[in-house]
Undergrad: 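Dropping the structure in here first, questions after.
FYI, the numbering just counts along the sequence from 1.
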Amino acid sequence: MKLPDLIFVVPSLFTLSSIACGFYAMTLCAADGLPLHLYQASIAIFFAFFFDGFDGRVARLTRTQSLFGQELDSLADIVTFGAAPALLVWRWALEPLGFAGLAAAFAYLACGSLRLARFNVLAIRSPTGGSSRFFVGMPIPFAAAGIISLIIAFQNTKGGQLPDAYRWPVFAGVLFLGLLMVSSVRYRTFKHLRPSSTAAVILATIFVTGVFIATRVHPAWVLVAFFGLYLVSGFVESTVMLLAYVQRRGARTSGALSPEESDEDDGADTPDDQEYL
């Protein structure tokens, strides 16, 4: 195999490394379920974030983007950020809840599968999969981050043991994450960062708040803070954009805007039919 041919394999190697992390996490969960093993499984999924984040960038740098790579990436996501976190949270918090806990873990996995299928359909219909600045619904890697951030925090503050009083709140949180993935709430991709952009302000706010928590509360809760702020940012931005969209629609209906002004308003930040399928 010649060197130019090997370049096409490099992005897939990053994607396969992400799958390896997810598989390793599942093997740890399938063992005796000790808190240390579950913590190690969370760390494995955490490392998978880096491989998942780099495979697309490597493909763009080497100009080896392909439909094959896109489909492989989705399959990797359903293993590493769908099945592995579902099994992990079930062993960590939901197993004592019986069938209800099992159903919640499966609901998370099912919603993640639906979210990835919707993303693939949008990517086929549009080269950018909708707006390149926003995800439609919470991305499955970020939903997985919500689960593993809690496990990492409890491991470093309470020895990994989850008090029984927290099991039902975790149950509700897992269902909520599943619903967010199939929702129409828009989340920033942070692909087009500029110092003066809204995305840069949001990212800086999340970072500063995380540093404050690390210095004032406990470093173990930094990831939880990052995830929580990102979750809230989606609701805030979606609400603001929806209100602006309704206001513009009302202005068009009343004739307050000229055709030229109406065309200018139809920017990437305007909710459109394709992004809200």
Undergrad: Rounded at 0.5 Å granularity, tell me how far CG in L162 sits from CD1 in I151.
TA: 9.0 Å
Undergrad: Report the distance from atom CE of M181 to atom CG of L116, rounding to the nearest 0.5 Å.
TA: 8.5 Å
Undergrad: Report whether L87 and L102 are members of the same hydrophobic cluster (ILVMFWY, side-chain heavy atoms less than 4.5 Å apart, transitive linking).
TA: yes
Undergrad: Is any side-chain N of the basic residue among R188 and E237 closer than 4.0 Å to the acidic one's carboxylate O?
TA: yes
Undergrad: Sequence neighbours left out, what passes ring-ring contact (aromatic ring centres under 6.0 Å, His included) with W90? Give chain and number order.
TA: none
Undergrad: A25 and A84: which non-hydrogen atoms are nearest, and at how many Å?
TA: CB-CB, 4.4 Å
Undergrad: Which pair of non-hydrogen atoms, one from I78 and one from S113, has the smallest distance, and what is that distance?
TA: CD1-OG, 3.0 Å
Undergrad: Check the hydrophobic clustering (I, L, V, M, F, W, Y; side-chain heavy atoms under 4.5 Å; chains of links allowed) and say if V182 and L177 are grouped together.
TA: no
Undergrad: Between S149 (side chain only) and G146 (backbone N and O only), is there a donor and an acceptor less than 3.5 Å apart?
TA: yes
Undergrad: Could you go through V185 and M138, starting from their C-alpha distance and side-chain angles, then the distance that decides it, and tell me whether this counts as side chain to side chain contact (heavy atoms under 4.5 Å, CB included)?
TA: CA-CA 7 Å; V185 179; M138 175 168 285; over 6 Å; no
Undergrad: Could you go step by step and tell me if Y166 and F154 meet the ring-ring contact (aromatic ring centres under 6.0 Å, His included) rule?
TA: CA-CA 11 Å; Y166 288 83; F154 272 89; 5.6 Å; yes
Undergrad: Can you measure from CG (N156) to NE2 (H218) and round to the nearest 0.5 angstrom?
TA: 6.5 Å
Undergrad: Would the distance check show the side chain of R167 and the main-chain N or O of P163 forming a donor-acceptor pair, the cut-off being under 3.5 Å?
TA: no
Undergrad: Following the transitive rule for hydrophobic clusters with a side-chain heavy-atom cut-off under 4.5 Å over Ile, Leu, Val, Met, Phe, Trp and Tyr, establish whether L75 and L114 coincide in one cluster.
TA: no
Undergrad: State, to 0.1 Å, how close Q70 and N120 come at their nearest heavy-atom pair, and which atoms those are.
TA: NE2-OD1, 4.0 Å
Undergrad: Determine whether L231 and L180 make a side-chain contact, defined as any pair of heavy atoms from C-beta on separated by less than 4.5 Å.
TA: yes
Undergrad: Could you please spell out the steps behind the ring-ring contact (aromatic ring centres under 6.0 Å, His included) verdict for Y187 and F142?
TA: CA-CA 10 Å; Y187 285 92; F142 285 94; 7.9 Å; no
Undergrad: Checking side-chain contact (heavy atoms from CB on, under 4.5 Å) between I148 and each of F227, F49, W92, Y39, which is the one that passes?
TA: F49
Undergrad: Indicate yes or no for a side-chain donor-acceptor contact from T209 to the backbone of I206 under 3.5 Å, with no hydrogens or angles considered.
TA: no
Undergrad: Might you point out which heavy atoms bring L229 and T205 nearest each other, and give the distance in Å?
TA: CD1-O, 4.3 Å
Undergrad: In Å and rounded to the nearest 0.5 Å, what is the CG to OG distance from D55 to S12?
TA: 8.5 Å
Undergrad: For the hydrophobic clusters of this structure (ILVMFWY residues joined by side-chain heavy atoms under 4.5 Å, transitively), does one cluster hold both L223 and V217?
TA: yes
Undergrad: Please determine whether side chain to side chain contact (heavy atoms under 4.5 Å, CB included) holds for the pair V9 and L13, giving the CA-CA distance in whole Å, both sets of side-chain angles, and the decisive distance to 0.1 Å.
TA: CA-CA 6 Å; V9 181; L13 291 178; 3.9 Å; yes
Undergrad: Tell me the closest heavy-atom pair linking A144 and F81, and the distance in Å.
TA: CB-O, 3.8 Å
Undergrad: Looking at R186 and F134, would you say the former's side chain and the latter's main chain have a donor-acceptor pair under 3.5 Å?
TA: no
Undergrad: Show your reasoning for whether side chain to side chain contact (heavy atoms under 4.5 Å, CB included) applies to T157 and W221.
TA: CA-CA 9 Å; T157 56; W221 293 97; 3.5 Å; yes
Undergrad: Please answer whether the main-chain N or O of V136 pairs with a side-chain N or O of R118 as donor and acceptor at a distance below 3.5 Å.
TA: yes
Undergrad: Apply side chain to side chain contact (heavy atoms under 4.5 Å, CB included) to residues F14 and F50 and explain how you reach the verdict.
TA: CA-CA 9 Å; F14 278 88; F50 294 97; over 6 Å; no
Undergrad: For a quick test of your reading: what N or O donor-acceptor pairs under 3.5 Å do the side chains of residues 40-47 make, sequence neighbours left out?
TA:
from: S42; atom 1: OG; to: L38; atom 2: O; distance (Å): 3.1

Undergrad: Does atom CZ (F106) have a neighbourhood of more than 12 heavy atoms from anything else shown, all under 6.0 Å?
TA: no
Undergrad: If you take all heavy atoms of T80 and S18, which pair is closest and at what distance?
TA: OG1-O, 2.8 Å
Undergrad: According to a hydrophobic-cluster definition based on side-chain heavy atoms being under 4.5 Å apart (Ile, Leu, Val, Met, Phe, Trp, Tyr only), do I152 and Y108 belong together?
TA: yes
Undergrad: Counting only heavy atoms not in E95, do more than 12 fall under 6.0 Å of its CD?
TA: yes
Undergrad: Give, for atom CG of L97 and atom CZ of F171, the distance between the pair rounded to the nearest 0.5 Å.
TA: 7.5 Å
Undergrad: When rounded to the nearest 0.5 angstrom, what is the spacing between SG in C29 and CG in L34?
TA: 11.5 Å
Undergrad: Considering only heavy atoms from C-beta outward, does the side chain of D73 approach that of D52 to under 4.5 Å?
TA: yes
